[in-house]
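Structure record follows, encoded as structure tokens.
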Amino acid sequence: MAKIGKLKIVWSRELPAAPSSVTVIKDCKGDSRIAPTKYFLSFVVEIQPEILLQTDNSVGIDLGFKTFATLSDGRKVDAPKQLKKRIKKYRKLSKSLSKKTKGSKRYEKARARVAKFHAKL
């Protein structure tokens, strides 16, 4: 790519048709030694929509943190346990960041760690 150079591409799925345009998004996390810069490519592809059969069954979904999803018929889907562990770690990283002096090198390292973890979360 122009101005960026060669990129190692990890495809999430195959494209259903030839792309008409591409958008490049740069993910800046700070210090490149701690959290390397990532580029995300978004392709615009024209496809023919599938026509689905019409049914009378419909459900509204409300997404949240404590309960992953609450359905309009009253059912609740619990959040995965891994999310609770990750939220605790995120809290710990954020707390350590808040105790650092702004502008210091350790603050920048902690900020990069929080940004990297937040991207994973």
Side-chain angles (χ1 to χ4, degrees):
M1 300 210 59
K3 295 184 181 181
I4 298 173
K6 289 188 176 187
L7 297 175
K8 179 186 172 191
I9 298 177
V10 178
W11 293 96
S12 61
R13 59 183 167 262
E14 288 189 30
L15 297 176
S20 59
S21 68
V22 178
T23 303
V24 179
I25 301 165
K26 182 180 178 184
D27 185 20
C28 289
K29 293 183 186 133
D31 192 356
S32 62
R33 290 170 289 162
I34 296 168
T37 303
K38 292 183 180 179
Y39 293 93
F40 295 94
L41 303 176
S42 176
F43 297 96
V44 176
V45 179
E46 190 171 329
I47 60 168
Q48 297 297 323
E50 280 186 46
I51 299 172
L52 301 174
L53 299 174
Q54 200 169 24
T55 63
D56 294 333
N57 300 334
S58 62
V59 175
I61 301 172
D62 181 33
L63 300 176
F65 282 111
K66 290 186 180 180
T67 57
F68 180 68
T70 305
L71 307 178
S72 61
D73 61 1
R75 289 186 291 160
K76 292 185 179 184
V77 180
D78 290 331
K81 296 287 182 188
Q82 297 89 355
L83 182 61
K84 288 183 181 180
K85 288 181 184 176
R86 289 182 180 159
I87 289 174
K88 282 183 181 180
K89 186 173 181 183
Y90 179 69
R91 223 180 270 145
K92 182 180 173 185
L93 288 172
S94 296
K95 192 174 181 180
S96 72
L97 172 64
S98 70
K99 293 184 178 194
K100 308 278 188 269
T101 306
K102 280 193 175 180
S104 69
K105 195 169 187 177
R106 288 187 187 267
Y107 179 85
E108 289 303 316
K109 284 183 179 181
R111 188 185 64 77
R113 278 192 206 102
V114 169
K116 184 178 178 181
F117 187 79
H118 192 266
K120 282 184 182 179
L121 185 64

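Note that the structure is a prediction, hence the values are computed from the model and not measured.
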Path from Trp11 to Ile25 over hydrophobic side-chain contacts below 4.5 Å: no

More than 12 heavy atoms of other groups within 6.0 Å of Phe43 CZ: yes

Within one Ile-Leu-Val-Met-Phe-Trp-Tyr cluster: Val22 and Leu15, side-chain cutoff 4.5 Å: yes

Side-chain heavy-atom pair Lys95, Lys99 within 4.5 angstrom cut-off: yes

same_hphob_cluster(Val45, Val24) at 4.5 Å side-chain heavy-atom cutoff: yes

Close side-chain approach of Asp78 to Phe68, heavy-atom, < 4.5 Å: no

Shortest non-hydrogen contact between Ala17 and Glu46, atoms and distance: CB-O, 3.9 Å

Val59 with Val77, same ILVMFWY side-chain cluster at under 4.5 Å: no

Lys100 side, atom NZ; Arg111 side, atom CZ - distance, nearest 0.5 Å: 14.0 Å

Results of side chain to side chain contact (heavy atoms under 4.5 Å, CB included) for Pro49 - residues two or more places apart only: none

Mutual orientation of the aromatic rings belonging to His118 and Tyr90 [parallel < 30°, tilted 30-60°, perpendicular > 60°]: tilted

Atom of Lys89, atom of Phe117 and distance for their closest heavy-atom approach: CD-CE1, 3.6 Å

Atom of Ile47, atom of Pro16 and distance for their closest heavy-atom approach: CG2-CG, 3.6 Å

Derivation and outcome, salt bridge (charged side-chain N to carboxylate O under 4.0 Å, His left out), residues Glu108 and Lys105: CA-CA 5 Å; Glu108 289 303 316; Lys105 195 169 187 177; over 6 Å; no

Ser96 side chain vs Leu93 backbone, donor-acceptor pair below 3.5 Å: yes

